[in-house]
Amino acid sequence: MSPCAPLEGRPVPLPDGRAQLPTPTGLPRTQVVPADRQPPAPAAASRARGAPRWRRGRTARRGRVRQDRSPTTRTGKGNDMTDQLTVSVLGTGIMGAAMARNLARAGHTVRAWNRSRAKAEPLAADGVTVAGTPAEAVTDADVVLTMLYDGPAVLDVMRRAAPGLREGTAWVQSTTVGVEAVEELAGFAREHALVFFDAPVLGTRQPAEAGELLVLAAGPEAGRAAVAPVLNAVGARTVWTGEDGAGAGATRLKLVANSWVIAATAALGEVLALARGLGVEPQHFFDAIAGGPLDMGYLRAKSSLILHDQLTPPQFAVDTAAKDARLIVRAGERSGVRLDVAEAAARRLERAAAQGHADEDMAAAYFASFPEDPA
């Protein structure tokens with residue numbers, strides 16, 4: 001990750017122990033915890049005259065979201081050696097590395113590959129075999145799990161892995177990609193006789209390391225038992241959105257959830273920026289909303305990262321958040337929905353990245369409110 005520019009005035013403790021806002025010149029990276037409860041479930045289009053206004057005029061194309069209570073959904077941690085699998089993890093960034101470690105700890109044989117091998121090497125200490133090529137990583141794998149940057153990256157890596165793939169292998173695709181990309185990836189799966197699962201996750205560094213992600217999944221019910229040990233190793237629970245992974249039901253839900261996370265992060269950044277501009281002590285704002293409906297843990301957690309110069313290492317980086325914001329905007333355009341806040345948030349994140357904050361936590365979008373070199 002690129003080094004950060006020097007900070008012109010680190011957070012200064014006030015007499016009562018509170019911290020002043022840092023001057024927006026540069027900074028370091030850490031956290032975003034997406035919504036910790038299940039988003040509202042999409043339902044079939046209502047034709048009733050009294051349907052809620054927000055549901056009128058559009059047709060929900062997917063079935064109801066449900067949390068699977070079958071034996072394939074884990075209710076606790078632990079190693080079940082009867083379900084030991086050979087799992088290939090392609091992509092060992094913040095999320096992929098944590099998932100690979102948890103799979104190994106659960107007793108599975110894990111082979112990992114990363115474009116930059118140096119990022120994968122530390123996994124060897126956790127019993128993970130580091131492969132030199134994608135094809136080597138997927139050879140004889142029962143399950144292939146992809147956690148890369150975006151759709152084009154996933155397709156490129158899977159094409160390179162193709163010589164080592166075998167028919168019937170389950171592919172758990174956990175990278176956050178757009179709806180169109182899911183359709184293209186599902187097409188690749190059909191061409192190579194893979195069992196495709198659209199399975200993005202909600203959560204970032206901390207829940208990933210603890211194996212407490214929320215897995216959003218869509219795929220054939222007949223094949224779920226085969227991937228359950230993998231999903232159970234990386235997540236606290238799995239919410240199944242449908243049986244057709246190619247329909248991108250899970251990715252649709254992920255984009256909806258991420259739209260809330262990105263909007264909330266943009267709003268809190270502007271709140272703190274405006275407070276700085278108007279000379280308002282941030283703590284006065286927190287005191288004013290304390291305990292009321294406007295108060296929330298996410299606001300305080302992300303604000304603390306800015307106020308206390310704790311933006312590194314990132315839980316969810318600015319650059320990745322900008323990519324996801326663009327996917328959300330594109331999904332809205334494709335559905336005939338105008339998303340002004342998501343569009344503005346995307347530009348804000350891109351501006352922060354251009355200022356040198358790309359590898360910091362997404363809360364660093366705060367700095368997009370100021371000139372790159374403030375007086």
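For clarity, every value in this text was computed on a predicted model and none was experimentally measured.
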Trace of the side-chain contact (heavy atoms from CB on, under 4.5 Å) decision for Val172 with Leu231
CA-CA 9 Å; Val172 176; Leu231 304 184; 4.1 Å; yes
Closest contact, heavy atoms only, [X] versus [Y]:
| X | Y | answer |
| --- | --- | --- |
| Leu255 | Ala331 | CD1-CB, 3.8 Å |
| Ala106 | Ala233 | CB-CB, 3.9 Å |
| Ala137 | Leu90 | CB-CD2, 3.9 Å |
| Asp295 | Ile289 | CB-O, 3.2 Å |
| Val138 | Ala161 | CG2-O, 3.4 Å |
| Ala120 | Val130 | O-CG2, 3.4 Å |

Check: [Y] main-chain N/O paired with [X] side-chain donor or acceptor under 3.5 Å:
| X | Y | result |
| --- | --- | --- |
| Arg205 | Pro314 | yes |
| His192 | Phe188 | yes |
| Asn102 | Ala98 | yes |
| Asn114 | Arg117 | no |
| Glu180 | Arg334 | no |
| Thr169 | Arg166 | yes |
| Arg224 | Gly219 | yes |
| Ser259 | Val256 | yes |
| Arg105 | Asp126 | no |
| His108 | Leu85 | yes |

Does the side chain of [X] reach to within under 4.5 Å of the side chain of [Y], using non-hydrogen atoms?
| X | Y | answer |
| --- | --- | --- |
| Met147 | Leu145 | yes |
| Thr129 | Val110 | no |
| Ser369 | Arg348 | yes |
| Asp359 | Val318 | no |
| Lys323 | Thr320 | yes |
| Glu136 | Trp113 | no |
| Leu299 | Phe285 | yes |

Check whether [X] and [Y] end up in the same hydrophobic cluster, where Ile, Leu, Val, Met, Phe, Trp and Tyr are linked by side-chain heavy atoms less than 4.5 Å apart.
| X | Y | answer |
| --- | --- | --- |
| Phe196 | Val157 | yes |
| Ile328 | Leu349 | yes |
| Val177 | Val215 | no |
| Trp240 | Val182 | no |
| Val195 | Val154 | no |

Please evaluate residues Arg326 and Asp150 with respect to the criterion salt bridge (charged side-chain N to carboxylate O under 4.0 Å, His left out), reporting the C-alpha separation (whole Å), side-chain torsions for both, the decisive distance (0.1 Å), and the verdict.
CA-CA 11 Å; Arg326 284 298 170 196; Asp150 58 12; over 6 Å; no
Let me see the working for Leu216 and Val201 under side-chain contact (heavy atoms from CB on, under 4.5 Å), right down to the final yes or no.
CA-CA 6 Å; Leu216 310 177; Val201 298; over 6 Å; no
Have [X] and [Y] got a donor and an acceptor in their side chains that come within less than 3.5 Å?
| X | Y | result |
| --- | --- | --- |
| Trp171 | Thr146 | yes |
| Thr175 | Gln173 | yes |
| Ser303 | Tyr366 | no |

For the [atom1] atom of [X] and the [atom2] atom of [Y], what is their distance to the nearest 0.5 Å?
| X | Y | atom1 | atom2 | result |
| --- | --- | --- | --- | --- |
| Leu214 | Leu202 | CG | CG | 5.0 Å |
| Thr176 | Leu327 | OG1 | CG | 8.0 Å |
| Tyr149 | Arg115 | OH | CZ | 12.5 Å |
| Leu307 | Leu272 | CG | CG | 5.5 Å |
| Ser174 | Met95 | OG | CE | 8.5 Å |
| Leu155 | Arg160 | CG | CZ | 12.0 Å |

Would you mind checking if [Y] and [X] are paired as a salt bridge, meaning a charged N to carboxylate O distance below 4.0 Å?
| X | Y | answer |
| --- | --- | --- |
| Arg338 | Glu343 | no |
| Arg101 | Glu209 | no |
| Asp324 | Lys254 | no |
| Arg252 | Asp198 | no |
| Arg190 | Glu184 | no |

Parallel, tilted or perpendicular, as decided by the 30° and 60° cut-offs, for the rings of Phe367 and His357:
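Correct class here is parallel.
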Candidate pair Leu194 and Met158, rule side-chain contact (heavy atoms from CB on, under 4.5 Å), full reasoning:
CA-CA 11 Å; Leu194 306 177; Met158 287 300 287; 4.0 Å; yes
For Thr265 and Tyr298, what are the C-alpha separation, side-chain angles and deciding distance, and is it a side-chain contact (heavy atoms from CB on, under 4.5 Å)?
CA-CA 9 Å; Thr265 305; Tyr298 185 81; 2.6 Å; yes
